[in-house]
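Comments concern the structure below.
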Amino acid sequence: MATMEIRPLKKLQGEVTVPGDKSISHRAVMFGALAKGTTEITHFLQGADCLSTIGCFREMGIQIENTPEKILVHGKGLHGLSAPSRTLDVGNSGTTTRLISGILSGQSFSSVLSGDASLNSRPMNRIILPLQEMGADIASVNGNGCAPLRIRKGNLHSIHYTSRVASAQVKSAILLAGLYAGDGDTSVTEPVLSRNHTELMLQGFGASVSSQVHEGGSATATVSPCQELFARQIKVPGDISSAAYLIAAALLVPNAELLIRNVGVNPTRAGVLDVCRAMGADITYLNENADSGEPVADLLVRSSSLHGTVIEGSIIPTLIDEIPILAVLAAFANGTTVIRDAAELKVKETDRIKTTTEGLRALGADVTPTEDGMIIQGGSPIHGGTVNSYLDHRIAMAFSIAGLAADGPVTILDSQCVDVSWPGFYELF
Ligand code: S3P
């Protein structure tokens, strides 16, 4: 068990890059494994979650070269995976578990996947049920709707699925199974558009994918069954979810000016920037481009005096992973911040309504948890203290940033969990 003590900062200036996007890194390995030929990935996130994805595909016979400059995935085509000789270890990674389940549902071999205690307590019926509806033979081994999951050869057919939650993991699992459903197009409608990296990247690999946002905000993604995917080069943009911690640092620390280079600003992910601006943040986009197939920009962030806001509705899926750090910003802001419509926080690596509230209270903030979010009365003095990360990387990082602006040092328990999405986070500090 590692602990880390973070002390207040008086000034912050410079230029940084953040590690590659986690969602995009996972998908690049998965789709590369299913494509014919060698996919070259640069700025891949070497975090524990993405390494779990690499481990699973290696276990299924895919050769993956991992060097500091690039990843080479020697794909074997849509039907080229081989039966794993042991349980696939998905670690702490919900994205690995849910996306790979869609892929495994289309294979002619049996597999079992399992992860750590947190992962094995997260809800999997959200993918089990639609995949079963497609004809997949997938079940929760312990019958509790959680991993370990057992997947046997099924016979997939297309469906039109309406999901209750806006979840890119659910959407992606179904679309990936849809590649193997020979009888027609598979579509997923979600209440609000969730991150669309699967749709964008699958198209780049040669699949036929379309998306539509309907009046009222619901969205449908459709995939056609596919004969072949084709290897390609992927430049992974910097992860906006990681950039969010540095943005918050630059906003909170006095005399700060930070240039964060090459950040993915896909609108289905960039809600954190809109909310920060609504709170009075000084953030400028520079060098916007979409060279990698995903929108990217450099972000110039300066110290700002923040005020409270309301975070609700259709913006929630675009910033769901950033709510712990937004809650920290709200504690330092003047006035009240209300976060609602975010019940999905309860089924992340931890129940983030609980863990965020507990962390804020440990530092003296005035926060009230609600069923689907929290209410933060900003402006109380934020003092030092000890925050339990509960092994949740985003809790550890969010409260580390609080330590830069608090009145005294903040100690983070189990701080090593940052390795899930940002190995080297504390070295950068
Ligand atoms: C992810 C989707 C989101 C997000 C997670 C990564 C993805 O989860 O919270 O960190 O890569 O598809 P949900 O699909 O459960 O909303």
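For ligands, and for the atoms within them, numbers begin at 1 and follow the listed sequence.
For ligand 1 and Ile320, the ligand atoms under 4.0 Å from any heavy atom of the residue are 9 (O). Short contacts between ligand 1 and Asp321, defined as distances under 4.0 Å to a heavy atom of the residue, involve ligand atoms 4 (C), 5 (C), 9 (O), 10 (O). Of all atoms in ligand 1, numbered sequentially from 1 with element shown, those under 4.0 Å from a heavy atom of Thr95 are 1 (C), 6 (C), 7 (C), 11 (O). Close approach to Ala168 involves these atoms of ligand 1, each under 4.0 Å from a residue heavy atom: 12 (O), 14 (O).
With atom 12 (O) of ligand 1 as the reference point, the heavy atom nearest to it among Arg27, His197, Glu190 is part of Arg27.
Of all the heavy atoms of Arg195, the ones lying under 4.0 Å from any atom of ligand 1 belong exclusively to the side chain.
Looking at Thr53 and Thr96, their side chains do bring a donor and an acceptor atom within 3.5 Å of each other. Under the 3.5 Å distance criterion, with hydrogens and angles disregarded, a donor-acceptor pair is assigned to the side chains of Ser241 and Glu322. Asp183 and Ser158 share a donor-acceptor pair across their side chains, judged by distance under 3.5 Å alone.
Of the protein's heavy atoms, Lys348 NZ, 3.3 Å lies nearest to atom 15 (O) of ligand 1. When hydrogens are left out, the protein atom nearest atom 11 (O) of ligand 1 is Ser23 OG, 2.7 Å; that is the closest non-hydrogen contact. For atom 14 (O) of ligand 1, the nearest protein heavy atom (residue, atom name, distance) is Ser167 OG, 2.6 Å. Among protein heavy atoms, atom 1 (C) of ligand 1 sits closest to Gln169 NE2, 3.5 Å.
Here the straight-line distance linking atom CG of Leu99 with atom CG of Leu175 works out to 9.0 Å at 0.5 Å rounding. Once rounded to the nearest 0.5 Å, the distance linking OG1 of Thr336 with CD1 of Ile375 reads 8.5 Å.
Around atom NZ of Lys354, no more than 12 heavy atoms belonging to other residues, nucleotides or ligands sit under 6.0 Å away.
Aromatic rings from Tyr180 and His79 are positioned such that their centres are separated by under 6.0 Å.
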